[in-house]
Amino acid sequence: MNQYIRSIDYSTEIESGSHWSLRVRRGSIMRLTDLTGGANVGMLFYNPENLLERYNAPDTLKCQHTFKLTKGNCLYSDMGRIFASVVEDNLGWHETVSGNTHASHVREKWGIRDYQKDRNKWLQNGQDAFLVELAKYGLSAADMAANVNWFSKVFVGEQGDLSLDREHSRSGSSLTLRFEMDTLVLLHTCPHPLEDSDDYPDATVQIELGLCEPVTEDDFCKNFRPENGRGFQNNEIYHIGLGG
């Protein structure tokens, strides 16, 4: 157990092309591990008490002066609060600019399969995976935000085009999120939109849930950027208003 984790109370494995959503309480830990290499985990965050508040990728990047996410970075809402902090990461680069695959991407790259004929061997795409989970909470495509793609790294070519580093995440790559407020988490394990392999990726991700240790004044994420300190202050004000 590392310094941020008090306990791990639940574990599951999710194969490629799957999706899930859950409400995660403030003070919880979520550890993601790429078990096979080559995984991509798309993720979105919403405030379950006010679903209009959701993850804001531009603010997350610009206020921390970065193009990538790694240990120390915080994940900001569009109201300047922090959903979660990346407290552990042995990979060093996760991206939040490329968005999702769509049905057309999957069809053009890997052909047509549907659940009615192929059952669990069908080929889901990230956009539809998120739409299924959004609908469970009365949300729709209008509520979609730019998502994180954990375990994925993109780089910029000489002409300004983005490419995916397909060798980036190896088996055993992991990161740990500490949740700083109650959060509705939506996730999928569909391919990255820049994935160009011949076959639909086959990767398995482990998700572990538990409790974290209390945040201290010398906390790495809280002090990683001056802006993060202000984000934590915004959370404190918010929780005072909730009576907690």
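Sorted by first and then second residue, the ring-ring contact (aromatic ring centres under 6.0 Å, His included) pairs involving residues 14-41 (not counting sequence neighbours) form an empty list.
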Checklist entry - After noting the C-alpha distance and the side-chain angles of L162 and F155, does the key distance pass the side chain to side chain contact (heavy atoms under 4.5 Å, CB included) rule? => result CA-CA 6 Å; L162 292 176; F155 56 91; over 6 Å; no
Checklist entry - Given the rule in the side chain to side chain contact (heavy atoms under 4.5 Å, CB included) test, do Y137 and S21 qualify, once you have shown the distances and angles that lead to the verdict? => result CA-CA 10 Å; Y137 307 95; S21 60; 2.8 Å; yes
Checklist entry - For R170 and D34, what are the C-alpha separation, side-chain angles and deciding distance, and is it a salt bridge (Lys or Arg N to Asp or Glu O under 4.0 Å)? => result CA-CA 7 Å; R170 304 300 181 104; D34 182 352; over 6 Å; no
Item to check | Derivation of the side chain to side chain contact (heavy atoms under 4.5 Å, CB included) call for N50 and M79 | outcome: CA-CA 11 Å; N50 175 14; M79 295 187 182; 3.6 Å; yes
Item to check | Derivation of the side chain to side chain contact (heavy atoms under 4.5 Å, CB included) call for I82 and C74 | outcome: CA-CA 6 Å; I82 297 172; C74 297; 3.8 Å; yes
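Ion pairing of R81 with D59 is absent here, as no side-chain N (NZ or NE/NH1/NH2) approaches a carboxylate O to less than 4.0 Å. Note on E195 versus R166: salt bridge recorded, some NZ/NE/NH1/NH2 to OD/OE distance being below 4.0 Å. Between R23 and D182, at least one side-chain N (NZ, or NE/NH1/NH2) sits under 4.0 Å from a carboxylate O, which counts as a salt bridge.
Between the side chains of Y4 and D219, not a single donor N or O lies within less than 3.5 Å of an accepting N or O. Judged purely by distance below 3.5 Å, without hydrogens or angles, the side chains of T96 and Y55 pair a donor atom with an acceptor atom. Looking only at atom types and distance, the side chain of E208 has no donor-acceptor partner in the side chain of S11 under 3.5 Å away. With no hydrogens or angles considered, no side-chain donor-acceptor pair links E180 and N235 at under 3.5 Å.
Using cut-offs of 30° and 60° for the angle between ring planes, the F45 and F179 rings count as tilted. Ring geometry for H105 against H102 counts as perpendicular: the plane angle is over 60°, on a 0 to 90° scale with 30° as the lower cut.
Between the side chain of N125 and the backbone N or O of C190, no donor-acceptor pair lies under 3.5 Å.
Tracing side-chain contacts under 4.5 Å through hydrophobic residues (I, L, V, M, F, W, Y), one reaches L177 starting from L209; they form part of the same cluster. Under the 4.5 Å side-chain heavy-atom criterion for grouping Ile, Leu, Val, Met, Phe, Trp and Tyr, L139 is connected to L44 within one hydrophobic cluster. Note on L175 and F67: same hydrophobic cluster, where clusters join Ile, Leu, Val, Met, Phe, Trp and Tyr whose side-chain heavy atoms are under 4.5 Å apart, directly or indirectly. When the side chains of ILVMFWY residues are joined at heavy-atom separations under 4.5 Å, either directly or via intervening members, L69 and V185 end up in a single hydrophobic cluster.
Interatomic distance, CG of N147 versus NE2 of H188, reported as 5.5 Å (0.5 Å rounding). Interatomic distance, CD of E213 versus OG of S7, reported as 8.5 Å (0.5 Å rounding). The CG atom of D89 lies 8.5 Å from the OG1 atom of T176; values are rounded to the nearest 0.5 Å.
Taking 4.5 Å as the limit, some side-chain heavy atom of E95 sits within range of a side-chain heavy atom of H192. Between E13 and L35 the shortest side-chain heavy-atom distance falls below 4.5 Å. Q124 places a side-chain heavy atom less than 4.5 Å from the side chain of W122.
Summarising the geometry of G42 relative to N149, their closest heavy-atom pair is CA-OD1, 3.9 Å, with the distance given to 0.1 Å.
For the pair K109 and Y200, the cation does not sit on the ring face, since its NZ or CZ is not both under 6.0 Å from the ring centre and inside 45° of the axis.
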